[in-house]
Amino acid sequence: MIQAYGHPKTSEGKKLRIINTLRKGVPKGLEELAQLGRTLWRWREDVLAYFDIGASNGPVEAINGRLENLRGIAQGFRNLDHYILRCLIHSGQLHTRINVL
């Protein structure tokens with residue numbers, strides 16, 4: 001998978017056909033790889049769209065993950081100013097310098 005996504009030519013990366021290999025060519029006893037192959041097969045249109053479009057939603061998912069983390073950090077605060085301060089500290093990497101919160 002890493003070689004396919006990292007290939008300089010997306011058309012060549014798409015031809016590596018890792019999805020078909022994992023779906024059909026996994027020896028018995030490697031059930032996790034077989035499950036991965038079945039999952040990739042179900043999502044093949046979305047997975048292979050990267051090779052046609054050349055873009056990924058990975059950065060968007062990373063931002064969403066950080067926002068969810070911030071929301072979880074500030075839960076339970078009833079004071080809006082404390083909520084905002086806590087979010088700013090964690091998003092600005094200030095929590096490594098300030099240990100009072």
Side-chain angles (χ1 to χ4, degrees):
M1 290 292 290
I2 293 170
Q3 288 177 344
Y5 278 97
H7 203 285
K9 294 182 179 179
T10 55
S11 61
E12 294 298 316
K14 188 174 183 177
K15 290 179 185 175
L16 291 178
R17 303 197 188 276
I18 187 72
I19 294 174
N20 287 337
T21 303
L22 285 176
R23 183 170 170 246
K24 297 179 180 178
V26 177
K28 292 190 186 260
L30 298 175
E31 294 303 319
E32 291 181 15
L33 281 178
Q35 179 63 43
L36 175 62
R38 289 189 295 272
T39 301
L40 288 172
W41 181 257
R42 281 194 303 271
W43 288 90
R44 68 188 175 278
E45 291 178 14
D46 296 325
V47 172
L48 295 175
Y50 168 80
F51 296 102
D52 296 330
I53 298 169
S56 170
N57 70 337
V60 172
E61 291 298 328
I63 291 170
N64 286 341
R66 288 184 183 202
L67 291 173
E68 286 294 319
N69 186 32
L70 281 176
R71 187 179 63 82
I73 287 168
Q75 279 185 345
F77 285 95
R78 295 182 182 180
N79 183 330
L80 180 62
D81 291 332
H82 290 169
Y83 179 87
I84 293 170
L85 179 62
R86 187 72 163 203
C87 289
L88 288 173
I89 287 171
H90 280 275
S91 65
Q93 299 294 324
L94 296 176
H95 66 281
T96 58
R97 297 185 187 123
I98 302 173
N99 282 328
V100 292
L101 298 177

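From a predicted model like this one, the values you see are computed outputs, not experimental measurements.
- In this structure, CG on Leu30 lies 11.5 Å from NZ on Lys28, to the nearest 0.5 angstrom.
- Remark: Arg38 fails to qualify as a cation-pi partner of Trp41 under the 6.0 Å distance and 45° angle criteria applied to the six-membered ring.
- Atom CD of Gln35 is separated from atom CG of Leu40 by 10.0 Å, given to the nearest 0.5 angstrom.
- Shown here is Glu45, whose CD atom has no more than 12 heavy atoms of other residues, nucleotides or ligands within 6.0 Å.
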